[in-house]
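Report on one structure; see the data block that follows.
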Amino acid sequence: MLFFENDYSEGAHEKILSRLLETNRVQQIGYGNDEYCQSAKEKIRAACQCPDADIYFLVGGTQANATIISALLGPCEGAVSAVTGHINGHEAGAIEYTGHKVLALPSHDGKMDAGELEKLLKDFYADPTHPHMVHPGMVYISHPTEYGTLYTKGELEAISKVCRAYEIPLFLDGARLGYGLMSPGTDVTLPVLCQYCDCFYIGGTKVGALCGEAVVFPQKSPKRFFSQIKQHGALLAKGRLLGVQFDTLFTDNLYLEIAAHAIKMAQKMKKGLEELGYSFFLDSPTNQQFILMKDETLEKIKDQVRYSFWEKPDDTHTVIRFATSWATEEKDVDALLALLKQYA
């Protein structure tokens, strides 16, 4: 079986496993106050060129999204997201469960448009009955998006400008951030995110770690954020588990190095599929590739390759996603292309 269903099918990078074993018997303070978490935070601050950033380690992406959004919003506020945003479709109502509505805007290949955001906010406050409504209290975007697309620096700047004009925070979900940072042609970097976002996180679960996300507040974290992490079940007593992993990922550029490998494998796959004549649902520069596949072809390959269902555009075709990861081997990409060649 070939696995291209997601980018977290494997365990963790070997350097992380080795470091966990090496430090296993060293006794440390709990709840993220250990030396490994402190070291990882300093390395992340250096990579972000943001020496005063507040950094926290949470166990996973859904926990990070729910905790951050709940902390940033007031009791009558909601989070503005593209309709395709992860929090709007694939988190089982985790945001709504915290008592906050997701306010959906149209999606443009997974991205939010700054002009449409501004119109939503302008129209909201122009409505004299707006005190009776859910207030747009923050903006949520992801990079890469659910469709593997990327914001440009200019697009981030435009969204940030709108957020600051209306005094609401901009939060960027970086579950796959490494793959975005290493995509060809991008002009978005960690320092750029610190410049335009009020909060973002560096995904570990999908980029080489066993689990965990590093949440970054470039300026200042919300009041009592640590307590809210615990309240949301996102705090590990053995915080060292996350500290060791991120300390390793941010040593000798490992995080970006392994993310670059996933992009290399995705580009090889993309080129091969193009040469075979397969149609792409959209153009993604990241580790996620979306293919328009005949249903009859999917029936023939379903027992040989794992992929993600995405959407059903008509009665005879399905959009599927192939995802590469930090651990994808070239031989598996070659095997996938050889398999699909039979049905091209």
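Keep in mind the model is a prediction, meaning the values are calculated, not measured.
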Q: For the pair K206 and Y8, evaluate side chain to side chain contact (heavy atoms under 4.5 Å, CB included) and give the outcome as yes or no after the intermediate values.
A: CA-CA 5 Å; K206 296 174 180 176; Y8 46 92; 3.7 Å; yes
Q. Would you say the side chain of Q245 lies within less than 4.5 Å of the side chain of C211, judging by non-hydrogen atoms?
A. yes
Q | Any donor-acceptor pair under 3.5 Å from Q289 side chain to S284 backbone | A | yes
Q: Give the cluster check for L58 versus L172: same hydrophobic cluster or not, with ILVMFWY residues linked at side-chain heavy-atom distances below 4.5 Å.
A: no
Q.
Pair E157, K153 - check side chain to side chain contact (heavy atoms under 4.5 Å, CB included), show working.
A. CA-CA 6 Å; E157 182 180 12; K153 180 180 177 181; 5.5 Å; no
(Q) Are there over 12 heavy-atom neighbours, none belonging to E14, within less than 6.0 Å of that residue's CD? (A) yes
Q. Is the shortest heavy-atom distance from the side chain of Y56 to the side chain of Y201 under 4.5 Å?
A. no
(Q) L190 vs Y255, test: side chain to side chain contact (heavy atoms under 4.5 Å, CB included). Steps then yes/no. (A) CA-CA 12 Å; L190 287 172; Y255 186 72; over 6 Å; no
**Q.** Within 6.0 Å of OH in Y31, more than 12 heavy atoms from elsewhere
**A.** no
Q: Decide whether I159 and L193 are clustered together by the hydrophobic rule: side chain heavy atoms of Ile, Leu, Val, Met, Phe, Trp, Tyr closer than 4.5 Å, transitively.
A: yes
Q: Answer yes or no: is there a donor N or O on one side and an acceptor on the other, between the side chain of E118 and the main chain of C163, under 3.5 Å?
A: no
Q: Taking only Lys NZ, Arg NE, NH1 and NH2, and the carboxylate oxygens of Asp or Glu, determine whether K294 and E296 approach each other closer than 4.0 Å.
A: no
Q: Looking only at non-hydrogen atoms, find the nearest pair between A234 and T67 and report the distance.
A: CB-OG1, 4.1 Å
Q: Please test T23 against Y36 for side-chain hydrogen bond (donor to acceptor under 3.5 Å, both in side chains), starting from the C-alpha separation and ending with a verdict.
A: CA-CA 9 Å; T23 60; Y36 312 118; 4.6 Å; no
Q) Do N287 and T324 have a side chain donor and acceptor closer than 3.5 Å? A) no
**Q.** Check against side chain to side chain contact (heavy atoms under 4.5 Å, CB included), V215 and C199
**A.** CA-CA 7 Å; V215 176; C199 178; 3.7 Å; yes
Q) Would you say R164 has more than 12 foreign heavy atoms packed within less than 6.0 Å of its CZ? A) yes
Q: Just jot down the ring pair (Phe, Tyr, Trp, His ring centres under 6.0 Å) partners of Y140, sequence neighbours excluded, or say none.
A: F171
Q. Do V59 and I229 share a hydrophobic cluster (ILVMFWY, side-chain heavy atoms under 4.5 Å, transitive)?
A. no
Q: Go through the side-chain N and O atoms of D127 and H130 and say whether any donor and acceptor fall under 3.5 Å apart.
A: no
Q) Do the rings of F4 and F322 sit parallel, tilted or perpendicular, given the 30° and 60° boundaries? A) perpendicular
Q. Quick one: CZ on R19 to CG on L17, what's the gap to the nearest 0.5 Å?
A. 13.0 Å
Q) Is a donor on one side and an acceptor on the other found under 3.5 Å between the side chain of D198 and the backbone of L170? A) yes
Q) If every non-hydrogen atom of H90 is compared with every non-hydrogen atom of E146, which pair is closest and at what distance? A) ND1-OE1, 4.0 Å
Q. Got a sec: does the CD1 of I29 have more than 12 other heavy atoms crowding it under 6.0 Å?
A. no
Q | Any pair counted as salt bridge (Lys or Arg N to Asp or Glu O under 4.0 Å), so long as it reaches residues 91-116, sequence neighbours left out | A | K111-E155
Q. Is a donor on one side and an acceptor on the other found under 3.5 Å between the side chain of H135 and the backbone of G137?
A. no
Q) Is the backbone N or O of L120 less than 3.5 Å from a side-chain atom of D123, with the two atoms forming a donor-acceptor pair by type? A) no
Q.
Does K312, at its NZ atom, have more than 12 non-hydrogen atoms belonging to other residues, nucleotides or ligands within less than 6.0 Å?
A. yes
(Q) Quick check: do V207 and L177 have side-chain heavy atoms less than 4.5 Å from each other? (A) no
Q) Tell me, do H143 and I141 make a side-chain contact under 4.5 Å, heavy atoms counted? A) no
Q) Under 3.5 Å, side chain of D34 to main-chain N/O of R240, donor-acceptor pair present? A) yes
Q.
If only side-chain N and O atoms count, and only distance matters, is there a donor-acceptor pair under 3.5 Å linking N6 with S9?
A. yes
Q | Within 6.0 angstrom of Y343 OH, more than 12 heavy atoms from elsewhere | A | yes
(Q) To the closest 0.5 Å, what do you measure between CG (L73) and OG1 (T98)? (A) 7.5 Å
Q.
Has R176 got a side-chain atom pairing as donor or acceptor with Q288's backbone, closer than 3.5 angstrom?
A. no
(Q) Restricting to non-hydrogen atoms, name the atom on A104 and the atom on N88 that form the minimum distance, rounded to 0.1 Å. (A) CB-ND2, 4.1 Å
Q) Any side-chain heavy-atom pair from T248 and K43 closer than 4.5 angstrom? A) no
Q: Give me the one residue out of V305, I291, T318 that meets side chain to side chain contact (heavy atoms under 4.5 Å, CB included) with L298.
A: T318
(Q) For the CD atom on E274, are there more than 12 heavy atoms of other groups (residues, nucleotides or ligands in this structure) within a distance under 6.0 Å? (A) yes
Q) Do R45 and P51 come close enough that some side-chain heavy atom pair is under 4.5 Å? A) no
(Q) With no hydrogens and no angle check, just 3.5 Å: does a side-chain donor-acceptor pair link Q63 and H232? (A) no
(Q) In this structure, would Y278 and V333 fall into the same cluster of hydrophobic residues linked by side-chain contacts under 4.5 Å? (A) yes
Q | Smallest separation among heavy atoms of E77 and V134, with atom names | A | C-CG1, 3.8 Å
Q. Do you see a donor-acceptor pair shorter than 3.5 Å between the side chains of T84 and S107?
A. yes
Q) Is a side-chain donor or acceptor of S183 paired with a backbone partner of P285 at a separation under 3.5 angstrom? A) yes
Q) Do any N or O atoms from the side chain of D314 and from the backbone of T316 form a donor-acceptor pair under 3.5 angstrom? A) yes
Q: Run the salt-bridge test on D52 and K220 with the 4.0 Å N-O cut-off and return the result as yes or no.
A: no
Q: Look at K270 together with D283 and state whether they make a salt bridge at an N to O cut-off of under 4.0 Å.
A: yes
Q. Linking I/L/V/M/F/W/Y whenever any side-chain heavy atoms sit under 4.5 Å apart, do Y307 and M293 land together?
A. yes
Q) Taking the side chain as C-beta and beyond, is there a heavy-atom pair between Y179 and S325 under 4.5 Å? A) yes
Q. Is the W310 to F281 ring centre distance short of 6.0 Å?
A. no
Q) For the residue pair A175 and E213, what are the closest heavy atoms and their distance? A) CA-OE1, 4.4 Å
Q | Between CD on residue E5 and CD1 on residue I320, distance to nearest 0.5 Å | A | 11.0 Å
Q) Does the side chain of L273 come within less than 4.5 Å of L337's, by heavy atoms? A) yes
Q | Exercise: identify the closest heavy-atom pair between L156 and V192 | A | CD1-CG1, 4.4 Å
